Amino acid sequence: MKPASHPQSKKPEVAIIGLGNWGTSLAAALAQARIPLREVVVHRRRRTSPYPTVSWKHAALTARILWLCVPDSAIAGVAQRIVAQRSNLEGQILVHSSGALTIDALAPARRAGAAIASIHPAMSFPTREIVPLVDILFAVETDSPATQRILHAVVRKLGGRPFDIASKDKALYHAAGTLASPLLVSALSAATETARLAGLNRKTATEWVNALARATLNNFFGQGAARSFSGPFARGDSATIHLHLQALQQHPILADLYKSLAVNALKSLPVRNEQALRDVLTEFTASKPVHR
Ligand SMILES: NC(=O)c1ccc[n+]([C@@H]2O[C@H](COP(=O)([O-])OP(=O)(O)OC[C@H]3O[C@@H](n4cnc5c(N)ncnc54)[C@H](OP(=O)(O)O)[C@@H]3O)[C@@H](O)[C@H]2O)c1
C-alpha cells in the first residue's frame, strides 16, 4: 500500500467518496485542474464511469485529501467507516461538503490522526450534469491554519474563490443559501401556481413569471434591493394588497408565503404608508398582529 503523502505538499491528490450531483462536478473540475484523482469510492457501481471508481472493499483511502461528497446524513457513518478501514490517518485531510454540518461530523477521523475540514461550494448542482466551478465561492471550515492554507490553494486551483466560515455560523450560513436557491425556486413556483389559478395557461404563466423574475434579479444585482423594489408595497397601496389577500384566502399556503415575504419587506425595504400596510396584513393574520 502506498503511504499517504504529507499534507504540506503543494500538489495534493484527492479521493472522492460518493459520486452524486456534487461529486460528479468536483471530479470533472479536478481533472480540468490536473489535480490527481486517486480513486472514487462508491457503494453502488454504475455501469460506466470515466473515473477510477472502486467499492469500499477495494478502496485504498490513502490519498492526501479524502473528500466526502455523500449526503449530509451519511457523513458521520462514512467517517466511521474510513477509520474502521484505516485506523491511522496521520498526514491526511478528511473533508466533507455540507454547508450546514460542522467538522464535528468527522470527529472519528480526527481521533485517528487526520486533519478535518468542510468545503461548501456556493452553487446548485441539481443533477449529475457537470457544472463548472470557475469563480464559484467556496466556504472553508477548519480549525487548522496549515489545512486552511492547503484547502484554499486547492479551491483556487479548481478555479474557485475560497473564504472562511466559523463552525458556529454554519447553520445560519446554510439557511441563507437555502433562501437564495431552493426556497427561491419555491417562491417562483408559488408565483407560477398563483398565475395558473388566475387562469393563465402553463406556457403563458411560465413566460409571465420568467419576464418578471429575470428583470427583478437583474435589477437586484445591478442596483441593489431598494432600487429594484416596485409594486404595491413600495407605493403603499394598501387597498391593492387587501384585494390580493382576499383572493388568496382560498389558498392558505400561498397566502402564508405572501404574508411572510410581505412582513420581511416591511422590515427591510422602502415602503410607503407603512402603518396602513401593517394593518391590512394584521387583518388577514388571525389573532397574530404584525409587529415591527
Ligand atoms: N447538490 C448540491 O447542490 C450541493 C451544493 C453544495 C453542497 N452539497 C453537498 O454535497 C454533498 C452531496 O450532495 P449531493 O447533492 O451531491 O448528493 P447526491 O446527489 O445524493 O449524491 C450523494 C452520492 O453519495 C453516494 N453515497 C451515499 N452513501 C455512500 C456511501 N456510504 N459510500 C459511498 N457513496 C455513498 C450516493 O450513492 P447512491 O445514490 O448510489 O446512494 C450518491 O452518489 C452533501 O453534503 C451536500 O450538502 C450539495
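Start at 1 with the first residue, then count along the sequence. Counting convention: from 1, in listed order, for ligands and their atoms alike. Values in this document were obtained by computation on a predicted structure and should not be read as measured data.
Interface of Met123 with ligand 1, defined as ligand atoms under 4.0 Å from a residue heavy atom, comprises 3 (O), 5 (C). Close approach of ligand 1 to Ser98 is summarised as follows: ligand atoms under 4.0 Å from at least one heavy atom of the residue are 45 (O), 47 (O). Atoms of ligand 1 lying under 4.0 Å from any heavy atom of Trp22, numbered from 1 in the order shown and given with element: 10 (O), 16 (O). Ligand-side atoms of ligand 1 in range of Leu19: 43 (O), range being under 4.0 angstrom from any heavy atom.
Of all protein heavy atoms, the one lying nearest to atom 8 (N) of ligand 1 is Ser97 O, 3.9 Å. Counting protein heavy atoms only, atom 39 (O) of ligand 1 is closest to Arg128 NH2, 3.8 Å. Looking at atom 4 (C) of ligand 1, its nearest protein heavy atom turns out to be Phe125 CD1, 3.9 Å. Ranking the protein heavy atoms by distance from atom 45 (O) of ligand 1 puts Asp72 OD1, 2.6 Å first. Counting only heavy atoms of the protein, atom 32 (N) of ligand 1 lies nearest to Trp56 NE1, 2.9 Å. Among protein heavy atoms, the minimum distance from atom 41 (O) of ligand 1 is reached at Arg44 NH2, 2.7 Å. Protein heavy atom at the shortest distance from atom 26 (N) of ligand 1 is His43 NE2, 3.5 Å.
The residue among Val41, Ile136, Asn21, Val70 with a heavy atom at the shortest distance from atom 13 (O) of ligand 1 is Val70. The residue among Gly18, Ser118, Gly20 with a heavy atom at the shortest distance from atom 21 (O) of ligand 1 is Gly20.
Side-chain contact check for Gln148 and Thr142: no donor-acceptor pair (N or O, by modelled atom type) lies under 3.5 Å. At a cut-off of 3.5 Å, with distance as the only test, a side-chain donor of Asp164 or His152 sits close to an acceptor on the other residue. His242 and Glu283 form a side-chain donor-acceptor contact under 3.5 Å, judged by distance and modelled atom types alone.
At least one donor-acceptor pair under 3.5 Å links the side chain of Ser25 to the backbone N or O of Val131.
Checking atom 19 (O) of ligand 1 against the protein gives a heavy-atom contact under 4.0 Å.
The shortest N or O to N or O distance between Val78 and ligand 1 is not under 3.5 Å. Residue His120 places no N or O, backbone or side chain, under 3.5 Å from any N or O of ligand 1.
Using the six-membered ring where Trp is involved, Tyr258 and Phe233 have ring planes that are tilted, between 30° and 60° apart.
With a heavy-atom cut-off of 4.0 Å, Ser124 touches ligand 1 through its backbone alone.
Using a 4.0 Å cutoff on heavy atoms, His96 does not count as a contact of ligand 1.
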